[in-house]
2 protein chains.
Amino acid sequence: MGLLPVANAVPAYRDEHLTIDFDRQVAELDATRIVLTRKEYDLLALLVQHAGQIIPRDVLLQRVWGYGAEIRTRTLDVHVRRLRRKLGGYADQYIETIFGIGYRFQPFHAPRYFRQPLKPAFAVGA
Amino acid sequence: MGLLPVANAVPAYRDEHLTIDFDRQVAELDATRIVLTRKEYDLLALLVQHAGQIIPRDVLLQRVWGYGAEIRTRTLDVHVRRLRRKLGGYADQYIETIFGIGYRFQPFHAPRYFRQPLKPAFAVGA
DNA sequence: CCTGCTTTTTACAATTTTTTTACAACTCCC
DNA sequence: GGGAGTTGTAAAAAAATTGTAAAAAGCAGG
């Protein structure tokens with residue numbers, strides 16, 4: 001008699017502060033539910049499901065919004081901002097901006113992003 | 001044991017204010033019978049039998065009305081409204097709207113679905 | 001075919017979410 | 001440091017969803 005879609009059970013994401021139940025589409029931060037709108041959830045879920053990987057803007061816009069490369073919009077930035085707010089103080093720990101490329105979700109303890117200088121930059125003195 | 005075997009005895013729902021006898025298809029609010037039409041009862045029963053779970057609109061329309069995804073109607077909203085009216089002052093405690101998804105019945109004391117005010121994000125660092 | 005009740009539709013108001021806009025702030029490279 | 005390009009942000013505008021009252025449509029029993 002199972003009538004509610006419980007078909008494909010995707011394992012939840014969980015770390016020290018954040019839990020995301022992909023089946024129930026529910027997120028918790030420090031054991032308190034954070035209420036996400038659909039787009040917010042979709043975006044967060046996509047990022048978290050690829051934790052540690054940089055996801056380019058155009059991929060996010062394609063997967064969450066269905067937008068093609070020709071569309072110019074700031075809605076991704078705005079949604080990232082709202083997500084970050086809802087992630088409270090851990091926001092920048094979790095969602096990194098990869099300048100010129102896109103965004104990356106990192107588990108709480110993961111090493112942060114540092115851009116690789118193109119030149120070896122050995123000039124120590126100054 | 002029981003001299004009068006009850007066919008399929010589904011345990012009734014019961015909380016501080018509301019009782020629903022699924023076998024007799026009868027509901028009581030604060031010990032007073034509330035008269036429900038068939039559709040109203042079907043809808044309430046489905047929600048209550050999955051108390052705590054969000055049930056999407058399309059699932060409700062499928063299960064109670066037999067409608068497929070292509071049908072566009074407001075009858076679900078109207079029935080929810082009438083149910084709420086009959087649930088008196090507890091209405092919004094019991095039947096939550098999950099925007100963009102569907103509805104959820106919550107037992108009287110269950111934690112509610114509400115949006116916490118996004119506070120200005122305390123500096124979390126140690 | 002009336003009558004009373006239930007259900008659905010309609011039309012619009014209210015609410016919530018999403019997108020756009022406009023500008024500030026930032027990054028990178030010269 | 002300066003400038004072009006990118007991202008952050010608040011606020012307004014637009015779009016989508018839900019709430020509601022009232023009319024219309026169905027449906028049984030007489």
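Lettering follows sequence order; numbering is per chain, from 1. What's counted below: heavy atoms across the whole structure, side chains too, no hydrogens, waters or symmetry copies.
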**OP:** Provide, to the nearest angstrom, the distance between the NZ atom belonging to B:Lys39 and the C1' atom belonging to D:dC27.
**Re:** 12 Å
Original post:
Can you check the B:Asp42 CG to C:dT6 P distance for me, whole Å?
Top reply: 14 Å
Original post:
B:Arg85 CZ to D:dT18 P: how many Å, rounded?
Top reply: 20 Å
Subject >> B:Arg104 to B:Gln53 - nearest heavy-atom pair and separation >> reply: CG-O, 3.3 Å
**OP:** Keeping to residues at least two apart or across chains, list the side-chain hydrogen bond (donor to acceptor under 3.5 Å, both in side chains) pairs with something in residues 55-71 of chain A.
**Re:** A:Arg57-A:Asp77
Original post:
B:Glu40 CD to C:dT8 C1': how many Å, rounded?
Top reply: 13 Å
Original post:
Rounded to the Å, how far apart are B:Glu96 CD and C:dT15 P?
Top reply: 18 Å
Subject >> Nearest-angstrom distance from the residue atom CD1 of A:Ile98 to C1' of C:dC28 >> reply: 15 Å
Original post:
Starting at CD1 of A:Ile95 and ending at P of D:dT9, how long is that distance when rounded to a whole Å?
Top reply: 12 Å
Subject >> Atom-to-atom span, CG of A:Leu36 to C1' of C:dT16 - whole angstrom >> reply: 15 Å
Just the atom pairs and distances: protein N or O near nucleotides 20-23 of chain C's N or O, under 3.5 Å.
unit_1 : atom_1 : unit_2  : atom_2 : d
C:dT20 : OP2    : A:Thr73 : OG1    : 2.4

Subject >> Over all atoms of both residues, closest heavy-atom pair of A:Leu87 and A:Ile34 >> reply: CD2-CD1, 4.2 Å
Original post:
Looking at the side chain of B:Tyr103, which of D:dG8, D:dG19, D:dT6 is the nearest nucleotide?
Top reply: D:dG19
Original post:
A:Gln25 versus A:Arg38: any side-chain heavy-atom pair under 4.5 Å?
Top reply: no
Subject >> Bend angle of the helix from C:dC1-D:dG30 to C:dC30-D:dG1, end axes from five pairs each (to 10°) >> reply: 40°
Original post:
Which nucleotide in the list C:dT19, D:dT7, D:dG19 gets nearest to the side chain of A:Trp65?
Top reply: C:dT19
Subject >> Of the listed nucleotides C:dT18, C:dT19, C:dT16, the one nearest the side chain of A:Thr37 >> reply: C:dT18
**OP:** Find which nucleotide of DNA chain D each of A:Gly100 and A:Arg38 is nearest to by heavy atoms, and output the residue with the more 5' nucleotide.
**Re:** A:Gly100
**OP:** For A:Leu43, answer base if it contacts any base atom (sugar-phosphate contacts may also be present), sugar-phosphate if it contacts only those atoms, and nothing otherwise; contact means non-hydrogen atoms under 4.0 Å.
**Re:** nothing
**OP:** Examine C:dT6: is either OP1 or OP2 under 4.0 Å from a nitrogen or oxygen in the side chain of B:Arg82? Give yes or no.
**Re:** no
**OP:** Indicate yes or no for a side-chain donor-acceptor contact from A:Asp15 to the backbone of A:Phe108 under 3.5 Å, with no hydrogens or angles considered.
**Re:** yes
**OP:** Determine the minimum heavy-atom distance between B:Arg84 and B:Ala91, stating which atoms define it.
**Re:** O-CB, 3.1 Å
Subject >> Over all atoms of both residues, closest heavy-atom pair of B:Val64 and B:Leu43 >> reply: CG2-CA, 4.1 Å
Subject >> Short side-chain to backbone donor-acceptor contact, A:Arg14 and A:Thr19, under 3.5 Å >> reply: no
Original post:
Do B:Glu40 side-chain atoms and B:Thr37 backbone N/O form a donor-acceptor pair below 3.5 Å?
Top reply: yes
